[in-house]
2 protein chains.
Amino acid sequence: MNIGKAAKASGVSAKMIRYYEQTGLIPKAGRKDSGYRDYSSADVHMLRFIRKARDLGFSVSEIDGLLNLWRDRSRQSSDVKRIAQKHVDDLNERIEAMKQMAGTLQSLVDCCAGDARPDCPILADLEDDHDGSGAPARATLRPGSKGRS
Amino acid sequence: MNIGKAAKASGVSAKMIRYYEQTGLIPKAGRKDSGYRDYSSADVHMLRFIRKARDLGFSVSEIDGLLNLWRDRSRQSSDVKRIAQKHVDDLNERIEAMKQMAGTLQSLVDCCAGDARPDCPILADLEDDHDGSGAPARATLRPGSKGRS
DNA sequence: GCTTGACCTTCCCATCACTGGAAGGTCGAC
DNA sequence: GTCGACCTTCCAGTGATGGGAAGGTCAAGC
């Protein structure tokens with residue numbers, strides 16, 4: 001089948017299929033005489049695998065690892081589990097950081113009158129020098145923020 | 001002061017300061033005879049504002065809005081509040097999506113023996129056709145939301 | 001005065017996972 | 001044979017940064 005049909009059947013766009021081929025995530029597709037790529041239902045199966053993994057937030061390089069394990073009949077489930085657990089841990093870490101941000105910001109929003117006057121605790125906080133250092137504080141959201149939903 | 005000092009004082013890298021200038025987020029810095037950019041403490045103050053907003057996860061375009069309001073003495077706090085609340089809502093939406101992912105994946109991980117055998121419910125689920133449609137399920141986690149940490 | 005090293009300048013490239021578009025070839029139906 | 005839908009490759013852009021090259025400037029020490 002042509003790439004468009006494979007795209008529809010798998011839920012991965014034609015653009016993406018070509019991109020995945022180019023980057024080596026998937027093997028090069030066979031070609032018809034016309035030069036059109038030709039896909040089997042096994043290919044679609046693989047693409048669907050990829051889409052589902054993306055839907056779970058795996059990065060392309062993680063998916064590369066998962067695909068190799070998927071194809072490897074002598075794989076050890078511990079290898080799969082390790083990749084997945086690592087990803088869950090990453091997700092949870094990011095969730096925590098975002099919760100903190102959201103919490104801090106929500107408390108500022110709650111303190112803001114939101115009327116026609118210019119006074120605003122949100123801007124005041126942004127302007128304020130809690131931390132004059134300019135330390136490389138990226139990510140380590142300020143200690144003492146009220147966050148923590 | 002030179003850009004390096006302003007960078008240290010504000011916590012925004014010199015690279016980023018130039019980038020923000022280039023994209024118009026901040027006005028063009030004055031120059032010394034040498035051609036070096038020259039910053040005042042007011043500039044550092046502004047850069048610190050930007051860094052704090054980034055730390056709260058605001059995008060550059062949101063910060064552009066906030067900076068304009070910050071400079072606008074006749075601003076209405078409701079405008080600031082709207083931007084911030086919108087951002088909190090975005091954050092919460094992304095948090096929910098990630099929680100869902102993490103939860104789904106964690107339950108799969110929990111079902112995986114993680115031993116030397118090849119059988120693995122994680123791969124099985126990825127392989128499985130819950131949803132043969134190929135529907136555009138690519139939800140709510142917008143690109144670039146990965147981890148600003 | 002000269003060298004050295006730290007700093008500055010601009011410019012280009014890479015990231016990550018895509019999306020968009022242009023220019024042109026192929027196919028199937030009418 | 002013509003039309004529209006599809007396919008091909010290639011090139012560029014996204015957002016917020018980091019990295020590095022090639023070259024100019026400055027201040028200190030000799």
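Throughout, protein chains are lettered first and strands after them, A, B, ... in sequence-line order, and every chain is numbered starting at 1.
Summarising the geometry, the separation between CE on B:M1 and P on C:dC8 is reported as 12 Å, rounded to the nearest angstrom. Put simply, CD1 on A:I26 is 15 Å from P on C:dA17, counting in whole angstrom units. Spacing between atom NZ of B:K28 and atom C1' of C:dT9 amounts to 14 Å, rounded to whole angstrom units. B:E21 places its CD atom 16 Å from the P atom of D:dT17, with the value rounded to the nearest Å. Taking atom CZ on B:R31 and atom P on C:dC7, their separation rounds to 19 Å, with Å as the unit. The separation between A:K5 atom NZ and C:dC27 atom C1' is 15 Å, rounded to whole Å. Rounded to whole Å, atom C1' of D:dG24 lies 13 Å from atom CG of B:N2. Distance, A:D55 CG to C:dC18 C1': 15 Å, rounded to whole Å.
Residue B:S13 is in sugar-phosphate contact alone, with no base atom involved, counting any heavy-atom pair closer than 4.0 Å across all strands shown. Using a 4.0 Å heavy-atom criterion, one finds that A:R37 contacts the sugar-phosphate atoms exclusively.
The side chain of B:Y19 lies closest to D:dA16, out of D:dA16, D:dC10, C:dC27. Listed candidates were D:dT17, D:dC7, D:dC10. Nearest to the side chain of A:K15 is D:dC10. Of the candidates C:dC18, C:dT9, D:dC7, C:dC18 carries the atom nearest the A:Y20 side chain, counting heavy atoms from C-beta on. Side-chain atoms of A:Y36 lie closest to D:dC6 of the nucleotides D:dA16, C:dC18, D:dC6. Taking the side chain of B:V60 as heavy atoms from C-beta on, and the options C:dA17, D:dA16, C:dC18, the nearest nucleotide is D:dA16. The listed nucleotides are C:dT26, D:dT9, D:dC7; the one nearest the side chain of A:S34 is C:dT26. The listed nucleotides are C:dT10, D:dT8, D:dA16; the one nearest the side chain of B:R18 is C:dT10.
A salt bridge is absent between A:R48 and B:E127: the closest approach of a Lys/Arg side-chain nitrogen to an acidic carboxylate oxygen does not fall below 4.0 angstrom. Using a 4.0 Å cut-off between charged side-chain N and carboxylate O, B:K99 and B:E96 make a salt bridge. A salt bridge links A:R51 to A:D55: one of the charged nitrogens lies within less than 4.0 Å of a carboxylate oxygen.
Side-chain contact check for A:D115 versus B:Q76: every heavy-atom pair is 4.5 Å or farther apart.
Along DNA chain D, the nucleotide closest to A:A14 and the one closest to B:M16 are compared, and the more 5′ of them pairs with A:A14.
B:D90 pairs in a side-chain hydrogen bond (donor to acceptor under 3.5 Å, both in side chains) with only one of the listed residues (B:H87, B:R94, B:K86), which is B:K86.
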